[in-house]
Enquirer: 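Structure provided below as structure tokens; questions to follow.
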Amino acid sequence: MIQKPRGTRDFFPDELEARRRVEETMREAVSRWGYREVSTPEFENLELFTLRSGEGIIEEMYAFQDKGGRDIALRPELTAPVLRMYVNEAKVLNKPVRWYYFGDCFRYERPQKGRYRQFWQFGIELVGADSAMADAEVMAVGYNLLKATGVSFELRIGDLAMMRSLLADLEPDLQKKVRACLDKRDYGALEELGLGGDLAGSLTALIESKTLDDAFAITGSIPEETRIRETFAILDAHEVQYVQNFGIARGLDYYTGCVFEAFAENLGAENQIMGGGAYRLAHLFGGEETPSVGFAIGFDRVMVSLGEQEVKRPTTVAVATTPEGRIFGITVAAAFRQAGIRTIADLMGKSLSAQLSQAAKHADYVVVIGGREAEAGMVTLRDLATGSQQTISLEEAVAGVVGSGTR
């Protein structure tokens with residue numbers, strides 16, 4: 001028996017319908033802010049990803065040569081493809097460009113809870129706006145989007161200008177080591193790197209600061225102070241609930257200003273579900289340097305965090321017929337379907353009692369059609385929740401089910 005590849009999943013109808021509902025909730029949430037959906041190829045030129053992340057990322061990717069000898073990769077994320085699309089085809093659009101995306105990505109890494117080799121990302125990119133309003137809008141969209149899904153999370157917000165100001169005098173290699181320590185909250189390792197006690201203390205104090213005044217008391221006045229204060233004030237106006245965190249360090253080589261992360265419950269160590277910030281990528285792909293800000297959400301982690309969900313099945317009608325009523329039953333089923341009602345019918349020639357027994361397992365109503373009903377052009381409509389039934393016209397039956405709403 002052939003098994004599915006490691007790190008992939010099969011989705012049965014109940015699970016897939018639950019995913020589709022959450023996906024639609026996310027689409028509606030970002031659409032209200034003016035973001036419109038775009039889609040890019042599932043495979044791209046390998047260089048698109050190595051330009052951004054370096055050759056080391058190849059080990060984590062599904063990379064190969066096609067029959068023409070071109071280096072190709074299944075996309076490991078969606079920001080780079082979306083910015084490539086912008087540079088290729090959208091530079092002349094009015095700014096800012098508000099786009100969102102939803103698609104599957106592929107990474108060759110060890111599968112674990114909430115992490116798969118084929119996974120789905122949902123995200124937005126705001127391209128061409130360089131302001132505190134733009135930064136705050138994207139963070140507010142992410143916050144409102146996650147709230148709409150019902151997931152429990154904590155949003156942490158910072159700005160890399162703060163840490164850059166403290167690390168400015170260090171060599172680049174040492175900066176990377178310091179960032180790795182800060183990312184792991186391994187404060188003890190800072191002194192092992194040979195940092196002066198004052199610098200190590202300032203970094204620790206910055207990360208643990210609770211207010212902007214406390215943070216700027218550590219860094220002193222920096223050129224970005226006005227914008228940072230304005231961004232936080234706008235977030236408060238958006239009524240975004242967040243935790244100040246100037247210790248977000250992993251994106252220092254990539255992000256240019258504001259950074260933010262969201263962490264959810266029920267995910268163990270792999271509990272980050274959203275990450276984003278301000279960045280400039282377009283120039284890497286042949287375009288002009290363009291300010292951008294965006295985020296990506298690990299959709300699979302959202303679903304794991306939400307846990308088991310009750311699937312609200314649409315109202316379902318089963319058509320049960322005797323042999324004499326089978327042909328009229330086709331017309332009856334068509335009428336319900338045309339009215340937007342999920343309708344199923346027997347395909348195996350089962351007895352009427354067997355059809356009724358099957359209908360009781362997965363339908364809300366059963367329409368019974370025997371020879372007498374077929375001859376009169378009537379149907380017997382039985383409500384399986386109450387057990388009540390009546391023999392009425394097809395039009396009355398359809399109207400009655402439509403008027404009952406979703407069960």
Enquirer: Report yes if the side chains of Phe246 and Leu212 come closer than 4.5 Å at any heavy-atom pair, otherwise no.
Expert: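 Touching, per the 4.5 Å side-chain cut-off.
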Enquirer: Salt bridge check: are Asp346 and Lys350 linked by an N-O gap of less than 4.0 Å?
Expert: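 No.
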Enquirer: For the residue pair Ala262 and Leu146, what are the closest heavy atoms and their distance?
Expert: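 What the structure gives for the nearest pair is CB-CD1, 3.7 Å.
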Enquirer: Answer yes or no: does atom CZ of Phe43 have more than 12 heavy-atom neighbours from other residues, nucleotides or ligands under 6.0 Å?
Expert: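 Open.
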Enquirer: Going by an N to O cut-off under 4.0 Å, is there a salt bridge joining Glu109 and Arg117?
Expert: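 Arg117 and Glu109: not salt-bridged.
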Enquirer: Please determine whether side chain to side chain donor-acceptor pair (under 3.5 Å) holds for the pair Thr380 and Glu373, giving the CA-CA distance in whole Å, both sets of side-chain angles, and the decisive distance to 0.1 Å.
Expert: CA-CA 8 Å; Thr380 297; Glu373 286 88 357; 3.1 Å; yes
Enquirer: Can you label the angle between the Tyr242 ring and the Phe232 ring as parallel, tilted or perpendicular, going by 30° and 60°?
Expert: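 Aromatic pair Tyr242/Phe232 classed perpendicular.
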Enquirer: Kindly say whether Leu206 contributes a backbone atom to a donor-acceptor pair with the side chain of Ser209 at under 3.5 angstrom?
Expert: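 Yes, Ser209 side chain to Leu206 backbone: donor-acceptor pair under 3.5 Å.
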Enquirer: I need the Cys258 SG to Arg227 CZ distance, nearest 0.5 Å.
Expert: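 Separation between the atoms: 7.5 Å.
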Enquirer: Is Arg9 paired with Asp300 through a side-chain N to carboxylate O contact shorter than 4.0 Å?
Expert: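 Salt bridge: yes.
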Enquirer: Please lay out, stage by stage, how Tyr365 and Ser404 fare under the test side chain to side chain donor-acceptor pair (under 3.5 Å).
Expert: CA-CA 11 Å; Tyr365 296 89; Ser404 71; 3.2 Å; yes
Enquirer: Which pair of non-hydrogen atoms, one from Met139 and one from Leu155, has the smallest distance, and what is that distance?
Expert: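 Closest approach of Met139 to Leu155, heavy atoms only: O-CD2, 4.5 Å.
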Enquirer: Step by step, work out the side chain to side chain donor-acceptor pair (under 3.5 Å) result for Glu396 and Ser393.
Expert: CA-CA 5 Å; Glu396 290 174 316; Ser393 70; 3.2 Å; yes
Enquirer: To the nearest 0.5 angstrom, please state how far the CD atom of Glu225 sits from the OG atom of Ser165.
Expert: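 It is 10.5 Å, given to the nearest 0.5 Å.
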Enquirer: Quick one: do the Glu47 and Thr50 side chains pair a donor with an acceptor below 3.5 Å?
Expert: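 Glu47 vs Thr50: no donor-acceptor pair found between side chains.
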Enquirer: With the threshold set at 4.0 Å, does a side-chain nitrogen-carboxylate oxygen contact exist between Asp364 and Arg313?
Expert: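 Yes, this pair counts.
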Enquirer: Does the gap between the ring centers of Tyr143 and Phe260 come in under 6.0 Å?
Expert: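 When the ring centroids of Tyr143 and Phe260 are compared, they turn out to be at least 6.0 Å apart.
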Enquirer: Can you confirm whether the side chains of Thr79 and Tyr279 place a donor and an acceptor under 3.5 Å from each other?
Expert: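 No, no side-chain donor-acceptor contact under 3.5 Å.
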Enquirer: For residues Trp120 and Arg19, determine if any side-chain heavy atom of one lies less than 4.5 Å from a side-chain heavy atom of the other.
Expert: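 Yes - at least one pair of side-chain heavy atoms lies under 4.5 Å apart.
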Enquirer: How many angstroms lie between atom OG1 of Thr219 and atom CD1 of Ile228, to the nearest 0.5 angstrom?
Expert: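 The CD1 atom of Ile228 is 7.5 Å from OG1 of Thr219, to the nearest 0.5 Å.
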Enquirer: Using ring pair (Phe, Tyr, Trp, His ring centres under 6.0 Å), reason through Phe119 and Phe299 one step at a time and then give a plain yes or no.
Expert: CA-CA 8 Å; Phe119 59 96; Phe299 183 76; over 10 Å; no
Enquirer: Do side-chain atoms of Ser202 reach the backbone of Asp198 as a donor and acceptor pair under 3.5 angstrom?
Expert: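 Checking the backbone N and O of Asp198 against the side chain of Ser202, a donor-acceptor pair under 3.5 Å is found.
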Enquirer: Are the ring centres of Tyr62 and Tyr108 closer than 6.0 Å?
Expert: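 Yes, they do, as the ring centres are separated by less than 6.0 Å.
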Enquirer: Does the pair Arg280/Glu289 count as a salt bridge with the N-to-O cut at 4.0 Å?
Expert: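 Yes, charged N to carboxylate O under 4.0 Å.
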Enquirer: Rounded to the nearest 0.5 Å, what separation is found between the CD1 atom of Ile57 and the CG atom of Leu46?
Expert: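 So the CD1 of Ile57 and the CG of Leu46 are separated by 9.0 Å.
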Enquirer: How many angstroms lie between atom CE of Met26 and atom CG of Leu145, to the nearest 0.5 angstrom?
Expert: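 Between Met26 CE and Leu145 CG, I get 4.5 Å after rounding to 0.5 Å.
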Enquirer: Give a yes-or-no answer on whether the side chains of Thr322 and Glu324 include a donor-acceptor pair shorter than 3.5 Å.
Expert: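 There is such a pair between these side chains.
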Enquirer: Mind checking whether Val127 and Trp99 have side chains closer than 4.5 Å, heavy atoms only?
Expert: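 Val127 does not reach Trp99 side chain to side chain.
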Enquirer: Do Arg75 and Glu77 sit within salt-bridge range, that is, some charged N less than 4.0 Å from a carboxylate O?
Expert: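 Salt bridge flag = no for Glu77 with Arg75.
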Enquirer: Could you walk me through whether Tyr100 and Ser31 pass side-chain contact (heavy atoms from CB on, under 4.5 Å), step by step?
Expert: CA-CA 9 Å; Tyr100 80 87; Ser31 294; 4.1 Å; yes
Enquirer: CG of Leu16 to CG of Asp10: how many Å apart, nearest 0.5 Å?
Expert: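 Output value for this atom pair is 11.0 Å.
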Enquirer: Test your reading of the model: is there a side-chain donor-acceptor pair from Thr290 to the backbone of Glu288, 3.5 Å cut-off?
Expert: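 Looks like yes, one N/O pair under 3.5 Å.
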Enquirer: Determine the minimum heavy-atom distance between Phe328 and Val379, stating which atoms define it.
Expert: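 What the structure gives for the nearest pair is CE2-CG1, 4.2 Å.
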Enquirer: For residues Asp159 and Tyr255, is any side-chain donor paired with an opposing acceptor at under 3.5 Å?
Expert: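 No, Tyr255 and Asp159 have no side-chain donor paired with an acceptor closer than 3.5 Å.
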Enquirer: Does Ile157 reach the side chain of Val243, with side-chain heavy atoms less than 4.5 Å apart?
Expert: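 With C-beta onward as the side chain, the pair stays apart.
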Enquirer: Can you check whether Thr8 reaches Tyr116 side chain to side chain, under 4.5 Å on heavy atoms?
Expert: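 No, too far: nothing below the 4.5 Å cut-off.
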Enquirer: Between Thr343 and Ile341, is there a donor-acceptor pair closer than 3.5 Å when you use the side chain of the first and the backbone of the second?
Expert: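 Yes; at least one donor-acceptor contact below 3.5 Å.
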Enquirer: Evaluate whether atom CZ of Arg229 has more than 12 neighbouring non-hydrogen atoms of other residues, nucleotides or ligands under 6.0 angstrom away.
Expert: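 Above 12, so yes.
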Enquirer: For a quick check under 3.5 Å, do Tyr35 and Glu137 share a side-chain donor-acceptor pair by atom type?
Expert: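 Glu137 and Tyr35 do have a side-chain donor-acceptor pair below 3.5 Å.
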Enquirer: Counting only heavy atoms not in Glu24 (residues, nucleotides, ligands), do more than 12 fall under 6.0 Å from its CD?
Expert: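 Yes, enclosed.
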Enquirer: Using modelled atom types only, decide if a donor and an acceptor are shared between the side chain of Lys91 and the backbone of Glu89 within a distance under 3.5 Å.
Expert: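 Pair absent, no side-chain N/O of Lys91 close to backbone of Glu89.
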Enquirer: Looking at Glu23 and Arg27, does any basic side-chain N land under 4.0 Å from a carboxylate oxygen?
Expert: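 Salt bridge flag = yes for Arg27 with Glu23.
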Enquirer: Is it true that the side chains of Glu125 and Ser292 contain a donor and an acceptor less than 3.5 Å apart?
Expert: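 Ser292 and Glu125 do not have a side-chain donor-acceptor pair below 3.5 Å.
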Enquirer: Heavy-atom distance under 4.5 Å between the side chains of Arg164 and Ile222, does that happen here?
Expert: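 They are not in contact (no side-chain heavy atoms under 4.5 Å apart), so the answer is no.
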Enquirer: Should the heavy atoms of other residues, nucleotides or ligands under 6.0 Å from CG of Asp66 be counted, would the total exceed 12?
Expert: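 It does: Asp66 CG has more than 12 such atoms within range.
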Enquirer: Side chains of Gln244 and Thr211: is there a donor and an acceptor less than 3.5 Å apart?
Expert: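 Note: Gln244 and Thr211 side chains miss the donor-acceptor criterion.
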Enquirer: Is it the case that atom CD in Glu171 sees more than 12 heavy atoms from other parts of the structure closer than 6.0 Å?
Expert: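 No, because the 6.0 Å sphere around CD of Glu171 holds 12 heavy atoms or fewer from other groups.
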Enquirer: Heavy atoms, side chains only, cut-off 4.5 Å: are Val332 and Phe336 in contact?
Expert: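 Side chain of Val332 against side chain of Phe336, heavy atoms only: contact under 4.5 Å found.
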Enquirer: Below 4.5 Å, heavy atoms only, C-beta onward: do Val151 and Ile273 meet side chain to side chain?
Expert: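 Sidechains of Ile273 and Val151: in contact.
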Enquirer: Does Arg21, at its CZ atom, have more than 12 non-hydrogen atoms belonging to other residues, nucleotides or ligands within less than 6.0 Å?
Expert: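 Enclosed: over 12 neighbouring heavy atoms sit under 6.0 Å from CZ of Arg21.
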